[in-house]
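One structure is given below, encoded as structure tokens.
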Amino acid sequence: MKVRRPTLDFAKSLPLWMKDREFCHILNASSVVIMQLEPYLNKVMLRARTMLPSDDPLQPDLKTFVQQETVHCRLHARYNRALYEAGYDRLKSFEAAMGADYERYLDTKSMKFNLGYCQGFECLGPLYAELIFEGLDDLYEGGDEQVIHLWKWHLAEEYEHRMVAHDAYYRLGGNWLHRLYSTYTTLRHLKKYSGIIAAHMLKVDRASMSPDEVRQSRRAAKRARRRLAWFLVPRFLPLLSPFYTPARHRPPNGLNRYLGEALPI
């Protein structure tokens with residue numbers, strides 16, 4: 001694990017950075033979610049550091065995790081300016097609502113709950129890394145290379161630190177049944193916000209479309225959701241096992257070469 005600071009310029013990036021508008025907005029919604037999610041992850045991991053012995057082998061990884069997530073959030077904030085400036089006027093209100101949820105979790109929920117939420121999100125990292133590196137090549141054709149780099153770099157590092165939240169959770173009292181509950185809670189919460197954010201962006205786009213274009217967009221949105229589900233659902237099944245560990249996820253094709261050679265730094 002290491003902290004990387006890629007040199008990416010989003011000055012000319014547009015909200016529609018690849019040719020499938022509807023799938024593009026699924027990822028754009030994730031970029032908006034990140035603005036509140038990753039600071040929350042860092043706050044929980046920093047608390048975990050204070051609860052573990054100073055010589056615990058996980059301490060250096062927790063430090064690197066926080067540094068990586070901080071840089072992720074900083075670069076996504078740069079890209080998200082293009083979303084804020086493109087007429088999607090409710091994005092910041094969705095962010096604020098999500099941020100309020102996380103503050104409530106930190107103030108009123110147990111550490112076990114918060115760690116469980118974090119590991120529930122982090123178990124998505126290897127799955128989305130596989131999607132980004134292996135499942136979307138047809139959509140990248142002609143797309144904005146800067147934003148494609150943003151997602152490849154981000155998900156490569158999510159894969160790289162895939163064990164940190166999982167290990168912190170189990171170090172501090174986690175167990176299989178609670179992990180299943182926590183993962184379900186996390187995915188439901190994230191699905192709620194990513195769904196309403198993507199729907200808002202599509203609603204804004206459709207306001208300038210003809211009725212026929214709107215119908216086509218609705219059909220395309222169903223195809224995009226179906227494509228994502230067909231990719232992810234089979235890969236969720238191993239998470240149900242009491243023996244699940246993120247360590248068993250293979251690195252997606254091209255991920256290691258990308259970090260070593262292709263990432264612009």
So that I know where these two stand, are W17 and H25 an aromatic pair - ring centroids less than 6.0 Å apart?
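Aromatic pair excluded; centres sit 6.0 Å or further apart.
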Would you say the ring centers of H154 and Y128 fall short of 6.0 Å from each other?
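No, too far apart.
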Only counting residues at least two apart or in another chain, list the ones meeting salt bridge (charged side-chain N to carboxylate O under 4.0 Å, His left out) with R206.
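Applying salt bridge (charged side-chain N to carboxylate O under 4.0 Å, His left out) to R206 gives none.
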[atom1]-[atom2] distance between [X] and [Y], expressed to the nearest 0.5 angstrom:
X	Y	atom1	atom2	result
L37	H72	CG	NE2	12.0 Å
T70	L75	OG1	CG	12.0 Å
L124	E158	CG	CD	9.0 Å
I132	W151	CD1	CH2	6.5 Å

Note, [X] side chain near [Y] side chain (heavy atom, < 4.5 Å):
X	Y	value
L16	D205	yes
R47	L115	no
V164	E122	no
I34	N80	no
V147	L27	no
E95	Y193	no
R248	F243	yes
L255	K152	no

[X] [atom1]: over 12 foreign heavy atoms closer than 6.0 Å:
X	atom1	value
K112	NZ	yes
K222	NZ	no
F236	CZ	yes

Working for side-chain hydrogen bond (donor to acceptor under 3.5 Å, both in side chains), residues E38 and N42:
CA-CA 6 Å; E38 295 202 331; N42 282 352; over 6 Å; no
Go through it in stages, so that I can follow the logic: the residues are H249 and Y159, the test is ring-ring contact (aromatic ring centres under 6.0 Å, His included), and I'd like the CA-CA distance, side-chain angles, deciding distance and then a yes or no.
CA-CA 9 Å; H249 286 284; Y159 175 84; 7.5 Å; no
Report whether [X] and [Y] are members of the same hydrophobic cluster (ILVMFWY, side-chain heavy atoms less than 4.5 Å apart, transitive linking).
X	Y	value
I26	L14	no
Y184	V33	no
L41	M35	yes
Y169	L58	yes

[Y] backbone acceptor or donor facing [X] side chain under 3.5 Å:
X	Y	answer
N28	P15	yes
W153	L259	no
S194	L190	yes
Q119	G116	yes

I'd like to know if [X] and [Y] make a salt bridge, using a cut-off of under 4.0 Å between side-chain N and carboxylate O.
X	Y	result
R4	E157	yes
R74	E69	no
D101	R104	yes
E103	K43	yes
E130	R250	yes
D138	R227	yes

Of F113, Y40, Y117, the residue whose pairing with H189 passes ring pair (Phe, Tyr, Trp, His ring centres under 6.0 Å)
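Running ring pair (Phe, Tyr, Trp, His ring centres under 6.0 Å) over F113, Y40, Y117 with H189 returns exactly one hit, Y117.
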Decide yes or no on side-chain hydrogen bond (donor to acceptor under 3.5 Å, both in side chains) for S54 and Q59, but give the supporting numbers first.
CA-CA 7 Å; S54 60; Q59 288 282 5; over 6 Å; no
Both conditions, 6.0 Å and 45 degrees, for the charged tip of R81 above the ring of Y84: are they met here?
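Checked: cation-pi criterion not met.
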In sequence, state the C-alpha distance, the side-chain angles, and the governing distance for F121 and L187, and then conclude on side chain to side chain contact (heavy atoms under 4.5 Å, CB included).
CA-CA 7 Å; F121 168 70; L187 297 182; over 6 Å; no
What is the minimum heavy-atom distance between L139 and M18, and which atoms define it?
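Heavy atoms only, the tightest pair is O-CB, 3.3 Å.
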Please walk me through it: do Q68 and E160 pass side-chain hydrogen bond (donor to acceptor under 3.5 Å, both in side chains)?
CA-CA 10 Å; Q68 284 186 333; E160 189 175 58; 2.8 Å; yes
Would you check, one step at a time, whether the test side-chain hydrogen bond (donor to acceptor under 3.5 Å, both in side chains) holds for H149 with Y258?
CA-CA 10 Å; H149 276 306; Y258 178 79; 2.7 Å; yes
Any residue meeting ring pair (Phe, Tyr, Trp, His ring centres under 6.0 Å) with F10, in chain and number order, not counting sequence neighbours
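For F10, the residues satisfying ring pair (Phe, Tyr, Trp, His ring centres under 6.0 Å) (neighbours in sequence not counted) are Y79.
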Parallel, tilted or perpendicular, judged at 30° and 60°: which one describes the rings of Y170 and H166?
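The arrangement is tilted - the two ring planes meet at 30° to 60°.
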